[in-house]
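Structure first, commentary second.
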Amino acid sequence: MSRNDAAPGTVTAPPGRIRRMLSHLYVQCLIAVLLGAAVGGLWPSVGADLKPLGDGFIALVKMFIAPIIFCTVVHGIASMGNARAVGRVSLKALVYFEVLTTVAMVIGLVVVNVVKPGSGLHIDLSTLSAKGLPPEATTAHEGFAEFLLAIVPATLVSALTGNEILPVLLVSVLFGFGLHAAGEAGLGIARGIEKVSTVLFTLIRWIMRLAPIGAFGSMAFTIGNYGLGTLRHLGLLVGSFWLTALFFVLVVLGTVMRLNGLRLLPFLRYIKEELLIVLGTSSTEPVLPRMMAKLQHAGASKPVVGITLPAGYSFNLDGTAIYLTMGSVFLAQALGIDLSLTQQVTMLAVMLLTSKGAAGVTGSGFIALAATLSAVPHVPVAALALIFGIDRFMSEARALTSLVGNGVATLAVARWEGELDEDRAKAVLRGEIPYAPAPAPPAVPAEPGPKETPAPTRDPVPAAS
């Protein structure tokens with residue numbers, strides 16, 4: 001029987017509609033995550049062996065992150081009319097980061113003291129060993145002076161070949177100011193950097209087609225290696241952490257969006273593809289280029305996006321902030337250690353430092369927690385063995401919360417600076433101006449004369465995704 005001769009009342013989806021639905025990246029990632037969970041649950045050994053798929057995808061994207069940040073920040077600063085605006089944007093972003101990070105930590109501290117997920121475990125510390133922990137968790141951690149010195153790279157080029165974001169930002173800001181001060185001499189270089197940025201975003205757009213494969217491999221590994229049953233052992237900690245992260249996103253970040261004349265739920269729909277990629281990979285780094293392009297598309301100026309969003313990956317990890325307070329107090333409760341309010345506040349102050357500089361990659365929150373425990377003598381580092389097995393199930397919530405927090409931060413700082421096209425932002429979030437990856441750029445025309453004016457500071461429609 002043909003499709004046209006179907007029985008009355010039978011509902012059939014048009015093949016064209018199904019193809020259009022499957023062409024969306026977020027649908028592909030959602031299917032990949034579900035398939036990965038199924039493979040990991042049904043064939044654990046196979047799922048555990050699929051880890052290289054996720055690691056390979058993240059490595060491909062990380063290869064481009066430093067150059068993209070460099071090109072975006074340098075061109076943004078070089079095209080700004082007033083160099084003082086860069087310092088002003090940076091200061092406003094840091095103030096925002098510190099306030100929101102502190103709020104996240106306080107919320108986590110309140111929840112873990114009310115719920116008390118570790119009470120009643122009565123773990124004997126002598127039975128715990130740090131042998132199974134990753135080497136980074138048991139090594140000595142840097143102090144504040146070492147943290148500042150580590151921001152300065154050994155050479156100008158080494159910042160672009162390392163794994164840290166802060167050295168890249170430092171070199172980018174200095175180079176951008178240099179081009180800005182050079183006048184006509186720096187204008188041609190700035191135009192060249194913008195063209196390099198276009199090429200990099202085109203390559204990232206190709207690589208993002210592999211996101212479903214990376215999400216499939218990462219989810220299959222998580223379920224296959226740790227098992228669904230792992231959640232039942234310390235489910236109260238995992239559940240309370242996810243609910244706390246959800247509360248922070250909906251209430252705190254929702255309030256920030258309202259104060260800036262925008263709404264959170266439309267913004268979450270706008271970045272749904274990025275959220276699903278982060279859910280599958282437990283890492284925010286793969287979506288950094290796309291988030292920069294989408295926030296520019298939503299009306300935030302290129303310089304503000306180029307400075308605020310990459311800086312947020314080191315200074316505004318809201319999910320990690322919640323995890324640090326809940327994880328450290330949970331371990332104390334499990335060991336029967338009664339932390340006074342003063343001791344908890346002291347740990348919170350240390351966490352304001354240890355939470356900075358942790359890249360948005362899988363496991364960074366666990367290492368930051370190890371740094372906190374090694375800096376404060378209240379809870380032994382060996383206690384980390386209690387939550388090492390379930391840390392992976394909390395890493396998704398950390399990454400998702402931090403991604404949304406950095407997106408909201410960028411829009412808030414842009415509006416605070418007067419660099420947000422509010423009408424366009426509202427129209428984009430309503431879906432009236434949909435985001436679509438731009439086609440490959442045409443052939444580069446002949447170089448314009450020296451009298452050409454600089455590129456505008458706001459790119460209403462970015463050249464890439």
Side-chain angles (χ1 to χ4, degrees), residues 98 101-134 136-141 143-144 230-248 252 317-356 358 363-395 397-398 401:
E98 285 304 314
T101 300
T102 304
V103 170
M105 287 184 174
V106 170
I107 291 176
L109 202 60
V110 171
V111 171
V112 76
N113 278 284
V114 171
V115 179
K116 298 184 183 301
S119 295
L121 289 179
H122 304 298
I123 301 296
D124 184 1
L125 182 59
S126 62
T127 63
L128 300 177
S129 172
K131 290 183 179 179
L133 300 178
E136 298 89 346
T138 55
T139 55
H141 297 278
F144 184 68
T230 310
L231 287 174
R232 290 194 292 267
H233 294 288
L234 298 171
L236 186 56
L237 173 62
V238 175
S240 58
F241 174 70
W242 272 85
L243 290 176
T244 304
L246 183 64
F247 173 84
F248 178 83
V252 178
L317 301 176
D318 297 326
T320 300
I322 297 173
Y323 171 80
L324 289 179
T325 50
M326 295 192 68
S328 57
V329 177
F330 167 82
L331 294 177
Q333 293 171 351
L335 296 174
I337 301 173
D338 186 17
L339 293 177
S340 66
L341 180 61
T342 302
Q343 290 174 322
Q344 293 189 33
V345 171
T346 302
M347 293 182 68
L348 189 146
V350 173
M351 291 169 194
L352 286 174
L353 172 62
T354 55
S355 63
K356 309 306 180 190
S364 60
F366 187 79
I367 304 305
L369 180 57
T372 302
L373 298 184
S374 63
V376 213
H378 309 317
V379 182
V381 178
L384 287 171
L386 288 174
I387 61 173
F388 180 54
I390 62 165
D391 176 75
R392 178 76 187 202
F393 292 102
M394 292 185 282
S395 64
R398 290 199 301 263
T401 305

Are the side chains of Asp318 and Ile322 in touch, meaning some heavy atoms are under 4.5 Å apart? no
Separation between CG (Leu237) and CE (Met326), nearest 0.5 Å, reads 6.0 Å
Closest contact, heavy atoms only, Phe241 versus Arg398: CZ-CG, 3.5 Å
Checking Leu341 against Val345 for the side chain to side chain contact (heavy atoms under 4.5 Å, CB included) test, could you report, in this order, the C-alpha distance in whole Å, the side-chain angles of both residues, the deciding distance, and whether it holds? CA-CA 6 Å; Leu341 180 61; Val345 171; 4.2 Å; yes
Not counting sequence neighbours, list each pair that qualifies as a side-chain hydrogen bond (donor to acceptor under 3.5 Å, both in side chains) and has a residue in residues 102-114. Asn113-Gln344
Sorted by chain and number, sequence neighbours left out, side-chain contact (heavy atoms from CB on, under 4.5 Å) with Thr325 holds for Met105, Leu109, Met351
Please name the pair of heavy atoms, one in Val112 and one in Phe330, separated by the smallest distance, quoted to 0.1 Å. CG2-N, 4.0 Å
